[in-house]
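Convention: sequence-line order gives letters A, B, ...; per-chain numbering from 1.
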Amino acid sequence: MIKIFNTLSKKKEIFKSIQKGQVSIYVCGMTVYDFCHIGHARVMVIFDVVRRWLDFSGYKVNYVRNITDIDDKIIARSIQNNESIQSLTQRYIDEMNTDAKSLGVISPSREPKATEHIKDMLSIIQILIEKQHAYIAKNGDIFYSVRSFSEYGKLSGKSIEDLRAGERVDIDQNKHDELDFVLWKSAKPNEPNWDSPWGRGRPGWHIECSAMSSHYLGHHFDIHGGGQDLQFPHHENEIAQSEAAYECKMANYWMHNGFVRVDDEKMSKSLGNFFTIRMVLEQFDPEVVRFFILRAHYRSPLNYSNAHLDDAKLALQRLYVTLRGFKIENLEVDWSHPLALKFREAMDDDFNSSEAISVLFELANEINKNKSSTLANMLKSLGKIIGLLERDPEIFLKGDKKISLDINALISQRNEAKANKDFKEADRIRSLLLEHAVVLEDTPQGTIWRKE
RNA sequence: GGCGCGAUAGCAAAAUGGUUAUGCAGCGGCCUGCAAAGCCGUAGACGCCAGUUCGAUUCUGGCUCGCGCCUCCA
């Protein structure tokens, strides 16, 4: 029995899918005009684990994560770069996929692009106009009439009156009401545009998700996810569009992940305090980054710093050191084992990967005590379910970067020195290796090494 | 101004109305030529003030501080 914290009710609810044995998930993905940062990594990894856990739990998962490939920032960047929008967005889609792959994120079932669904957007807009939830303004833009949707604000807990009281800038004079948002922008010179019944133009920000989610998952689907910052206005507006157009509930469960922070401030493009995934991976193993993300609960804020990544690295090393030397072939888990059960209960309880990972350490302790290959097998199998511990421990522990020293030769020399009781020489060699971040371990089976 | 979230040991981070979270770091031991890894033991916590309760870190109220959304943002 899986429980999910639903933003709509602000409570954990028992998950029940619309169709037995199947789950439909829509997650708002990236706007592709730059490299992804660690905040994007968090969304990708968290919903990757959600889909993996649902899949593991026996559901057939249909997971859609969209790509926004047309918006103001993309247009601005394309002009700035003197690069076509098509080339710019494709370039960053490729970069995003590279990052996702290195973080162990399984590709979604579908990754639709906004520009491939203009027709779907136009048809919703048409319905909204017919149902008088949208209107054509004097300048040709089409706006959604927020006050026409009585449930507006139900996701984010905002009331229309409070919003009016807020400080808003640059109110578009074409709007009937300052809260209204744009569905379709009439064409402007030097901007990409598409044909529509109301003249050429391009879509507003929110309509693409209403269009694509209904296209791939239907008017009513199970889970809608994204970063906390999308709760308002983006997801609120999606609900307004979809539910007004189709007259049914859009998604049963809304999931929002917490922010990545830097020095207790939200990591964001506008603050400029972001670290791209690419930058971080220059210093840290991608699995360390994934582990770092999953070690915190998905709804909690996650403070980013090198020290915290170092900490995550040491922790993950412990698990791999534990796994070292075991031959693992069978990946079946014995779910009657108390620790396996504890892992499962943690994941069932709103995807508590933090608690689930703590179980991995409890297992590691048992394995180190008893050298149990059954438990080692369990450790690796549980890790695999959430996309961790899948590599050969030797490869993780030794790293894939070339080391300029001949480690094996130096180990032999040291062993010779040790045999001659020349401990000064033995320690000199060990220090030399340590300067290159190579740590030696003398075990009953001989001397082995790993990267620091 | 409106709405919401959080405050856990040196750091990070979960759960929980009474029983060891977990990882790193610390201390004492075992192992080792010495280390490393591992094991055993140990210390250290629930922002402040009230209330409910036999008992609260956990529930309720107030306060303080921090953060987020209300404008593009995962």
Practice item. Name the nucleic acid region contacted by A/G258, choosing base, sugar-phosphate or nothing; use a 4.0 angstrom heavy-atom cut-off, strictly under. Key: base
Check your understanding: Looking for any heavy atom pair under 4.0 Å, which part of the strands does A/G39 touch: base, sugar-phosphate only, or nothing?
Key -> base
Revision key, fill the gap. Across every strand shown, the nucleotide meeting Watson-Crick or G-U wobble geometry with B/G1 (both distances under 3.5 Å) is B/C70
Exercise for review: Answer with base, sugar-phosphate or nothing: what part of the nucleic acid does A/D311 contact at a heavy-atom distance below 4.0 Å?
Suggested key: base
Check your understanding: Ignoring hydrogens and angles, does a donor from either the side chain of A/D264 or the base of B/G66 sit under 3.5 Å from an acceptor on the other?
Key -> no
Practice item. Look at A/N365 and B/G38 and indicate whether a side-chain polar atom (N or O) is within less than 4.0 Å of OP1 or OP2. Key: no
Check your understanding: Are the charged groups of A/R290 and A/E390 less than 4.0 angstrom apart, N to O?
Key -> no
Check your understanding: Taking NZ, NE, NH1 and NH2 as the nitrogens, is one of them in A/K188 or A/E191 under 4.0 Å from a carboxylate oxygen of the other?
Key -> no
**Study point:** A/R261 with A/D264: basic N within carboxylate O range, under 4.0 Å
**Key:** yes
Exercise for review: Please measure how far the P atom in B/G66 lies from the corresponding atom in B/G28, and state the result in whole Å.
Suggested key: 39 Å
Review point. Less than 4.0 Å between a side-chain N and a carboxylate O, is that true for A/D311 and A/R295?
Key: yes
Practice item. Name the nucleic acid region contacted by A/R414, choosing base, sugar-phosphate or nothing; use a 4.0 angstrom heavy-atom cut-off, strictly under. Key: base
Review point. Taking the P atom of each, how far is B/G6 from B/U16, in whole Å?
Key: 14 Å
Review point. Looking for any heavy atom pair under 4.0 Å, which part of the strands does A/H37 touch: base, sugar-phosphate only, or nothing?
Key: base
Review point. Taking the P atom of each, how far is B/G26 from B/A50, in whole Å?
Key: 38 Å
Check your understanding: Of the candidate nucleotides B/A14, B/A74, B/G68, which contains the atom at the shortest distance from the side chain of A/V43?
Key -> B/A74
Review point. If we take the P atom in both B/C65 and B/C48, what is their distance in whole Å?
Key: 15 Å
**Study point:** Test: A/D350 and A/K12 ion pair at under 4.0 Å
**Key:** no
Check your understanding: If you measure from the P atom in B/G10 to the same atom in B/C46, how many Å do you get, rounded?
Key -> 9 Å
Practice item. Could you check which nucleotide pairs with B/G23 in any of the strands shown, counting Watson-Crick or G-U wobble with both distances under 3.5 Å? Key: B/C11
Practice item. Identify which nucleotide among B/C72, B/C34, B/C39 has an atom closest to any side-chain atom of A/K73, counting heavy atoms from C-beta outward. Key: B/C72
Review point. Does a nitrogen or oxygen in the side chain of A/K266 sit under 4.0 Å from OP1 or OP2 of B/C69?
Key: yes
Exercise for review: Round to the nearest Å and state the distance from A/M267 atom CE to B/A74 atom P.
Suggested key: 13 Å
Check your understanding: Which part of the nucleic acid, if any, lies within reach of A/V260 when heavy atoms closer than 4.0 Å are counted: base, sugar-phosphate only, or nothing?
Key -> base
Check your understanding: So, is A/N352 close to the B/A14 phosphate, meaning a side-chain N or O under 4.0 Å from OP1 or OP2?
Key -> no
Practice item. Decide whether A/Q80 and A/Y33 meet the rule of one side-chain donor and one side-chain acceptor closer than 3.5 Å. Key: no
Practice item. Can you tell me the pairing partner of B/A35 across any strand shown, Watson-Crick or G-U wobble, with both distances under 3.5 angstrom? Key: none
Practice item. Indicate, with a heavy-atom threshold strictly under 4.0 Å, whether A/M44 touches base, sugar-phosphate, or nothing. Key: nothing
Practice item. Would you mind pulling out the nucleotide paired to B/G6, Watson-Crick or G-U wobble, both distances under 3.5 Å? Key: B/C65
Check your understanding: Does A/D229 get its side chain close enough to the base of B/G68, under 3.5 Å, for a donor-acceptor pair?
Key -> no
Review point. Within the structure, does a side-chain N or O atom of A/R318 lie under 4.0 Å from either OP1 or OP2 of B/C39?
Key: yes
Point to revise | B/G28 pairs with, by Watson-Crick or G-U criteria that keep both distances under 3.5 Å | key: B/C40
Review point. Using the P atom in both, what is the distance from B/A15 to B/G51, to the nearest Å?
Key: 29 Å
Revision key, fill the gap. Against the side chain of A/F259, the closest entry in B/G23, B/C67, B/G68 is B/G68
Point to revise | Residue closer to the 5' end of RNA chain B, A/K10 versus A/L316 (nearest nucleotide) | key: A/K10
Review point. On a whole-Å scale, what distance lies between the C1' atoms belonging to B/A45 and B/A9?
Key: 4 Å
Exercise for review: Under 4.0 Å between any heavy atoms, over every strand shown, what does A/K421 touch: base, sugar-phosphate, or nothing? Just pick one.
Suggested key: nothing
Review point. Side chains of A/F181 and A/F143: does their closest heavy-atom pair fall under 4.5 Å?
Key: no
**Study point:** Nucleotide of B/C70, B/A36, B/G38 approaching A/L163 most closely (side-chain heavy atoms)
**Key:** B/C70
Practice item. Mind checking A/S300 for me? I need base, sugar-phosphate or nothing, with any heavy atom below 4.0 Å counting as a touch. Key: sugar-phosphate
Review point. Hey, is A/K342 close enough to A/E345 for a salt bridge, meaning N to O under 4.0 Å?
Key: no
Check your understanding: Can you find a donor-acceptor pair, distance only, under 3.5 Å between A/D263 side chain and B/C67 base?
Key -> no
Practice item. Just name whichever nucleotide pairs with B/C54, Watson-Crick or G-U, keeping both distances under 3.5 Å, else none. Key: B/G18
Practice item. Would you indicate what A/L440 reaches in the nucleic acid, counting non-hydrogen atoms under 4.0 angstrom: base, sugar-phosphate, or nothing? Key: base
Check your understanding: A/E345 has an atom CD; how far is it from atom P of B/U16, in whole Å?
Key -> 12 Å
Check your understanding: Quick one: is A/K342 getting a side-chain N or O under 4.0 Å of the B/A15 phosphate, OP1 or OP2?
Key -> no
Review point. For the side chain of A/R430 and the base of B/A35, is some donor closer than 3.5 Å to an acceptor across the two?
Key: yes
Check your understanding: Under 3.5 Å, is there an N or O donor on one side and an acceptor on the other linking the side chain of A/K158 and the base of B/C69?
Key -> yes
Review point. Hey, does A/F361 reach any base, or is it just sugar-phosphate, or nothing, if we go heavy atoms under 4.0 Å?
Key: sugar-phosphate
Practice item. For B/U52 versus B/G62, give the span between their C1' atoms, rounded off to a whole number of Å. Key: 15 Å
